[in-house]
Engineer: 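Please find one structure pasted underneath; my questions will follow.
We're numbering straight along the sequence, starting at 1.
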Amino acid sequence: VPRIGLTPKYEDGNKIEKQLMQILPKHIWGEIGMAFSFLGREICRPTNPKCHICPIAKDCEYYRALL
């Protein structure tokens with residue numbers, strides 16, 4: 001989530017979660033956690049992210065910095 005630019009680059013997952021709760025609508029909280037988990041596990045890997053297949057690349061800070 002910090003890599004794509006939705007929250008500051010906290011190392012503490014609890015701080016990231018609180019930030020997300022402030023910016024995302026409550027009705028998607030249950031689904032968005034799984035979506036971010038899948039994205040991080042399958043596409044936005046810590047090393048060698050697969051930006052070329054990422055569905056949110058156009059909105060991602062990391063990807064825009066690569067261009």
Side-chain angles (χ1 to χ4, degrees):
V1 171
R3 179 185 274 178
I4 60 177
L6 285 179
T7 65
K9 301 199 181 318
Y10 295 128
E11 292 185 20
D12 181 357
N14 290 325
K15 287 183 181 180
I16 292 171
E17 181 180 20
K18 286 179 183 180
Q19 283 284 319
L20 287 175
M21 290 170 73
Q22 291 178 356
I23 61 174
L24 298 173
K26 190 173 187 171
H27 70 273
I28 66 166
W29 289 357
E31 298 169 0
I32 201 72
M34 292 301 292
F36 284 135
S37 291
F38 175 80
L39 183 72
R41 194 173 48 249
E42 302 295 327
I43 297 172
C44 195
R45 305 288 302 157
T47 57
N48 195 26
K50 301 173 186 174
C51 297
H52 64 284
I53 63 168
C54 182
I56 63 168
K58 66 179 178 64
D59 300 309
C60 176
E61 263 185 28
Y62 178 83
Y63 181 70
R64 285 193 302 260
L66 294 176
L67 300 177

Engineer: Does Met34 share a hydrophobic cluster with Val1, counting links as ILVMFWY side-chain heavy atoms below 4.5 Å and allowing steps through other members?
Structural biologist: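 They do not share one cluster, since no chain of ILVMFWY contacts under 4.5 Å joins Met34 to Val1.
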Engineer: Heavy atoms only: give me the nearest Leu24-Trp29 pair and the separation to one decimal.
Structural biologist: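 Minimum heavy-atom contact is O-NE1, 3.1 Å.
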Engineer: Which residues satisfy the side-chain contact (heavy atoms from CB on, under 4.5 Å) test with Asn48, sequence neighbours excluded?
Structural biologist: none
Engineer: Find the distance between CD (Glu42) and CD1 (Ile53) and round it off to the nearest 0.5 Å.
Structural biologist: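 Those atoms lie 9.0 Å apart.
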Engineer: Arg3 side chain to Pro46 main-chain N or O, any donor-acceptor pair under 3.5 Å?
Structural biologist: yes
Engineer: Heavy atoms only: give me the nearest Ala57-Cys51 pair and the separation to one decimal.
Structural biologist: CB-O, 3.7 Å
Engineer: Measure the spacing between CG of Leu39 and CD1 of Ile56 and express it to the nearest 0.5 Å.
Structural biologist: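 Output value for this atom pair is 5.0 Å.
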Engineer: Could you report the tightest heavy-atom contact between Lys58 and Tyr63, atom names first, then the distance?
Structural biologist: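 Minimum heavy-atom separation between Lys58 and Tyr63: N-CD2, 4.5 Å.
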Engineer: Is there a path of hydrophobic side-chain contacts, each under 4.5 Å between heavy atoms of I/L/V/M/F/W/Y residues, joining Ile28 to Ile4?
Structural biologist: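 Ile4 clusters together with Ile28.
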Engineer: CD of Glu61 to CG of Leu6: how many Å apart, nearest 0.5 Å?
Structural biologist: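 Between Glu61 CD and Leu6 CG, I get 8.5 Å after rounding to 0.5 Å.
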Engineer: Quick one: OG1 on Thr7 to CG on Leu20, what's the gap to the nearest 0.5 Å?
Structural biologist: 6.0 Å
